[in-house]
Amino acid sequence: MNSTRSIISMAMRSRLFPNPSSFRSPPPQLLPSIQSSPLLTSRAQPSPPLCLARSPFRSSSSCPAGAVLGAHDPLPMSSRSASGEIHVILGPMFAGKTTALIRRMQDEVDCGRSVAMVKSDRDTRYGLDSVVTHDGVKMPCFALSELSSFQDKLGTEAYDKLNVIGIDEAQFFEDLYDFCCNAADHDGKIVVVAGLDGDYLRRSFGSVLDVVPLADSVTKLTARCEICGRRAFFTLRKANETQTELIGGADVYMPVCRQHYIDGQVVLEATRTILRPEFNPGSK
Ligand SMILES: Nc1ncnc2c1ncn2[C@@H]1O[C@H](COP(=O)(O)OP(=O)(O)O)[C@@H](O)[C@H]1O
Ligand SMILES: Cc1cn([C@H]2C[C@H](O)[C@@H](COP(=O)(O)O)O2)c(=O)[nH]c1=O
């Protein structure tokens, strides 16, 4: 697979980058819908000291230490959301979705709310006990195969006290819609969802777009095109694999603008054709 990637990289660079240069996104800026969220201002109150909640699960092997963060005591009911909220953060890889999610959760902790982060256990890139950004910022989390197991994992008492639930890698949760609906509409939770809106072929990925009609706010973040530095809306897969799910980082994917997505797909298709065994009789 490494040789495939280097062939693809070479092909793309020779065709697409007469003057190759690499671009990295600056630290992502939160868009106004999140920065100026009434959630953070209208219900803000003097922050109790930041602390790890005394979760009954802190010593349990199934719950990472500190996966529930926030106030020791839940906020009084009057200061909690009566009907819950759903906020969705979308975009390609490297757009800063996880960064924005962690910041949002930290803001909620600073406002005295009790928060918990969840990610899919399919994403094993950095272990299962933390959500980690591409530049290494971490927050403890629960890694689950399905969101329906969250309440059991946490326990009813802890779930009832929880104000905010963050969900990273939301594209991997098939029960995202039902979970968000129940958590916000029925249980009064604030749910912040971060995930890919599209896969490497720009098809809708998992159920992320299905929760848009449920959402109070939707923020689409952009990355920086690795080829030209313009805004990147899409994720290009550099590897030869064609299945929808392929866990990976910068070794397998790059953020690209529209032009370089189109050019890149042409090169990748040509490269995949060249790599087929019938073109390489001696390669077996
Ligand atoms: N092409 C890239 N390759 C590796 N890291 C990148 C690239 N572009 C941006 N980054 C880094 O990734 C960070 C965003 O990471 P993260 O929040 O995990 O994004 P996302 O969750 O949207 O994939 C940026 O602040 C930047 O430091
Ligand atoms: C485009 C695309 C991505 N994936 C995988 C690759 C990563 O493991 C995650 C996305 O992580 P990030 O936090 O948004 O950087 O999804 C995939 O399986 N299939 C795809 O098409």
Side-chain angles (χ1 to χ4, degrees), residues 1 5 8-9 12-13 16-17 20-31 34 87-106 117-128 130-139 141 143 145 166-174 176 192-209 218-257 260-261 264-265 268 272:
M1 187 150 85
R5 280 191 205 133
I8 291 170
S9 267
M12 290 192 62
R13 287 190 188 281
L16 300 173
F17 328 143
S21 56
S22 82
F23 294 91
R24 284 281 154 89
S25 300
Q29 298 296 313
L30 300 193
L31 294 186
I34 282 191
H87 300 276
V88 182
I89 303 167
L90 310 166
M93 288 181 69
F94 311 105
K97 301 181 301 297
T98 304
T99 307
L101 176 63
I102 290 176
R103 278 193 202 155
R104 175 63 180 254
M105 300 298 271
Q106 193 56 58
M117 182 80 99
V118 182
K119 77 168 183 183
S120 165
D121 66 3
R122 294 186 209 173
D123 188 350
T124 49
R125 277 176 293 175
Y126 308 101
L128 290 175
S130 302
V131 161
V132 185
T133 68
H134 288 291
D135 46 5
V137 179
K138 286 183 180 184
M139 188 172 225
C141 74
S145 58
I167 303 174
D168 200 21
E169 305 296 347
Q171 69 275 4
F172 294 133
F173 287 115
E174 274 145 35
L176 184 69
V192 187
V193 175
L196 293 170
D197 47 343
D199 67 7
Y200 76 105
L201 294 175
R202 300 189 300 178
R203 298 170 304 197
S204 172
F205 202 166
S207 302
V208 173
L209 294 182
V218 178
T219 304
K220 175 142 177 166
L221 298 178
T222 54
R224 197 169 281 265
C225 177
E226 237 183 66
I227 297 168
C228 69
R230 282 181 297 185
R231 276 153 69 102
F233 306 96
F234 312 116
T235 311
L236 193 70
R237 181 180 285 176
K238 298 185 271 184
N240 213 19
E241 286 86 341
T242 54
Q243 75 272 25
T244 300
E245 278 182 31
L246 178 66
I247 302 301
D251 51 334
V252 183
Y253 296 99
M254 60 199 261
V256 280
C257 67
H260 287 118
Y261 180 83
Q265 285 295 64
L268 286 161
R272 283 174 188 136

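Just so you know, these numbers come straight off a predicted model, no measurement behind them. Remember, it's 1-based here, ligands and their atoms both numbered in the order they're listed.
With ligand atoms numbered from 1 in the order given, ligand 1 contributes 1 (N) to contacts under 4.0 Å with heavy atoms of Pro255. Taking every heavy atom of Arg237 and a limit of under 4.0 angstrom, the matching atoms of ligand 2 come to 19 (N), 20 (C), 21 (O). Residue contact check: Gln171 has heavy atoms under 4.0 Å from atoms 9 (C), 10 (C), 16 (O) of ligand 2. In summary, the atoms of ligand 1 found under 4.0 Å from a heavy atom of Lys97, numbered by their order in the structure, are 17 (O), 19 (O), 20 (P), 21 (O), 22 (O), 23 (O). Taking every heavy atom of Pro92 and a limit of under 4.0 angstrom, the matching atoms of ligand 1 come to 22 (O). Atoms of ligand 2 lying under 4.0 Å from at least one heavy atom of Glu245, given by number and element, are 18 (O). Close contacts between ligand 1 and Thr99 involve ligand atoms 14 (C), 15 (O), 16 (P), 17 (O) [criterion: under 4.0 Å to a heavy atom].
Polar contact check, Gly96 against ligand 1: a nitrogen or oxygen pair lies under 3.5 Å apart. Considering backbone and side-chain atoms together, Glu169 places an N or O closer than 3.5 Å to an N or O of ligand 2. For a threshold of 3.5 Å applied to N or O pairs, the pair formed by Glu226 and ligand 1 contains at least one separation below that value. Considering backbone and side-chain atoms together, Thr235 places no N or O closer than 3.5 Å to any N or O of ligand 2. Of the N or O atoms in Phe94, one or more lie within a sub-3.5 Å distance of an N or O in ligand 1. Residue Tyr200 places at least one N or O, backbone or side chain, under 3.5 Å from an N or O of ligand 2. Here's the thing with Gly248: one of its N/O atoms is less than 3.5 angstrom from an N/O atom of ligand 2. An N or O contact shorter than 3.5 Å links Arg125 to ligand 2 by distance. Considering backbone and side-chain N/O atoms, Met93 never comes within less than 3.5 Å of an N/O atom of ligand 1. Where the criterion is an N or O separation shorter than 3.5 Å, residue side chain and backbone included, Leu246 meets it with respect to ligand 2.
Contacts between Thr244 and ligand 2 below 4.0 angstrom, taking non-hydrogen atoms only, involve the backbone exclusively.
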**Prompt:** Passes side-chain contact (heavy atoms from CB on, under 4.5 Å), Phe234 versus Leu201? Steps please.
**Reply:** CA-CA 9 Å; Phe234 312 116; Leu201 294 175; over 6 Å; no
**Request:** Output, in order, the C-alpha distance, side-chain angles, deciding distance and verdict of side-chain contact (heavy atoms from CB on, under 4.5 Å) for Leu196 and Leu90.
**Result:** CA-CA 6 Å; Leu196 293 170; Leu90 310 166; over 6 Å; no
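Note that CD of Glu245 is 7.5 Å distant from OG of Ser120, once rounded to the nearest 0.5 Å. If you take NE2 on His87 and CD1 on Ile167, they are separated by 12.5 Å, rounding to the nearest 0.5 Å. The structure places CZ of Arg231 at 12.0 Å from SG of Cys257, a figure rounded to the nearest 0.5 Å. Expressed to the nearest 0.5 Å, how far NZ of Lys220 lies from NZ of Lys97 amounts to 9.5 Å. Thr98 contributes atom OG1, which lies 8.5 Å from atom OH of Tyr126 (distance to the nearest 0.5 angstrom). Between atom CG of residue Asp251 and atom NZ of residue Lys238 there is a gap of 7.0 Å, rounded to the nearest 0.5 Å.
Listed here is the closest heavy atom pair of Asp197 and Pro92: OD1-N, 4.2 Å.
Every side chain to side chain contact (heavy atoms under 4.5 Å, CB included) that Ile247 has, sequence neighbours left out, goes to Asp123, Arg125, Phe172. For Ser204, the side chain to side chain donor-acceptor pair (under 3.5 Å) criterion is met by no residue, not counting sequence neighbours.
Among all non-hydrogen protein atoms, the one lying nearest atom 15 (O) of ligand 2 is His134 NE2, 2.7 Å. Ranking the protein heavy atoms by distance from atom 14 (O) of ligand 2 puts Lys97 NZ, 2.9 Å first. When only non-hydrogen protein atoms are considered, atom 4 (N) of ligand 2 lies nearest to Tyr253 OH, 3.4 Å.
Here the rule is side chain to side chain contact (heavy atoms under 4.5 Å, CB included) with Lys138, and of Val131, Val132, Thr133 only Val132 fits it.
Figure legend: Arg237 and Tyr253 shown without cation-pi pairing, the cationic atom not lying both under 6.0 angstrom from the six-membered ring centre and within 45 degrees of its axis.
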